[in-house]
Amino acid sequence: MAYLSNKEIKKIGFCSFGNNVCISDKASFYGPSRITLGDSVRIDDFCIVSAGEGGIMVGNHVHIACFSSLIGGETIKIGDFANISSRVSIYSSSDDYSGATITNPTIPDDFKNVDHRPVGVGKHCIIGCGSVILPGVTLNEASAIGALSLVKDHCDAFTIYAGIPARKMGQRSRDLLEAEKRFIASKNCE
Ligand SMILES: CC(C)(COP(=O)(O)OP(=O)(O)OC[C@H]1O[C@@H](n2cnc3c(N)ncnc32)[C@H](O)[C@@H]1OP(=O)(O)O)[C@@H](O)C(=O)NCCC(=O)NCCS
């Protein structure tokens, strides 16, 4: 994978970005002035990050794997150490499917009823490949989402969910918090 140089990343026009950011030259960004990236963020081939008025904030040590997309008018926040695997779609906007209105972006707002709600992906969350996260959802700290899941509702911290729609499958260990402490300590010694 070819990563952009620091100079090329600057040219994209992000609101801000941290140190050690790796962005594939095949990733696309829309509304970059409303996108902030923390330190040690990696964004792989064919990702699309499209920020509306609410903006998109990505924390530190976040991986967004190939073919994933973060799209919508409301805020999308991705916490530190989050891991978004490939082909994940995170939406903070979605059309009205009831038939009450017309849908799609070529139609003016007066004829539509788009659902815009913020999405939060907490610290240490992991989202399995091919999953879809709908507007208004909060994945609380370290929740884990199985592959090919449809997440419509909030997910509890340190809980594993999977399926369509996603249902609770079990608990996730808190040992990762100890690993985080050790990792931070090891970085402070560098
Ligand atoms: C969710 C997951 C972590 C569960 O793994 P596990 O604890 O080993 O679970 P098991 O394989 O024992 O499955 C337990 C049950 O959940 C079901 N299940 C597992 N994963 C599922 C999924 N993604 N969606 C729906 N059901 C799922 C199994 O069919 C099984 O059902 P049963 O008890 O009726 O037979 C794993 O299946 C998964 O989806 N991992 C994501 C991997 C991924 O996307 N990696 C990308 C790179 S990071």
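Order of listing sets the numbers, starting from 1, for every ligand and every atom in it.
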Would you mind listing which atoms of ligand 1 come within a distance below 4.0 Å of any non-hydrogen atom of S85?
-> 46 (C), 47 (C), 48 (S)
Check: C129 N/O within less than 3.5 Å of ligand 1 N/O | yes
Report yes if I160 has an N/O atom closer than 3.5 Å to an N/O atom of ligand 1; otherwise report no.
-> no
Got a protein heavy atom sitting under 4.0 Å from [atom]?
atom	answer
atom 14 (C) of ligand 1	yes
atom 36 (C) of ligand 1	no
atom 1 (C) of ligand 1	yes
atom 44 (O) of ligand 1	yes

[X] side chain to [Y] backbone, donor-acceptor under 3.5 Å:
X	Y	result
S173	D175	yes
R172	A142	yes
S68	V88	yes

When you measure from atom 24 (N) of ligand 1 to each heavy atom in G163, S86, G130, which option holds the nearest one?
-> G163
Measure the OG1-CG distance between T138 and D153 for me, rounded to the nearest 0.5 Å.
-> 10.5 Å
Can you tell me how far OG of S94 sits from CG of N113, rounded to the nearest 0.5 angstrom?
-> 10.5 Å
Under the side-chain contact (heavy atoms from CB on, under 4.5 Å) criterion, do H124 and L177 qualify, and how do the steps go?
-> CA-CA 9 Å; H124 290 296; L177 296 178; 4.1 Å; yes
Take every heavy atom of S149, measure it against each atom of ligand 1, and state whether any distance is under 4.0 Å.
-> no
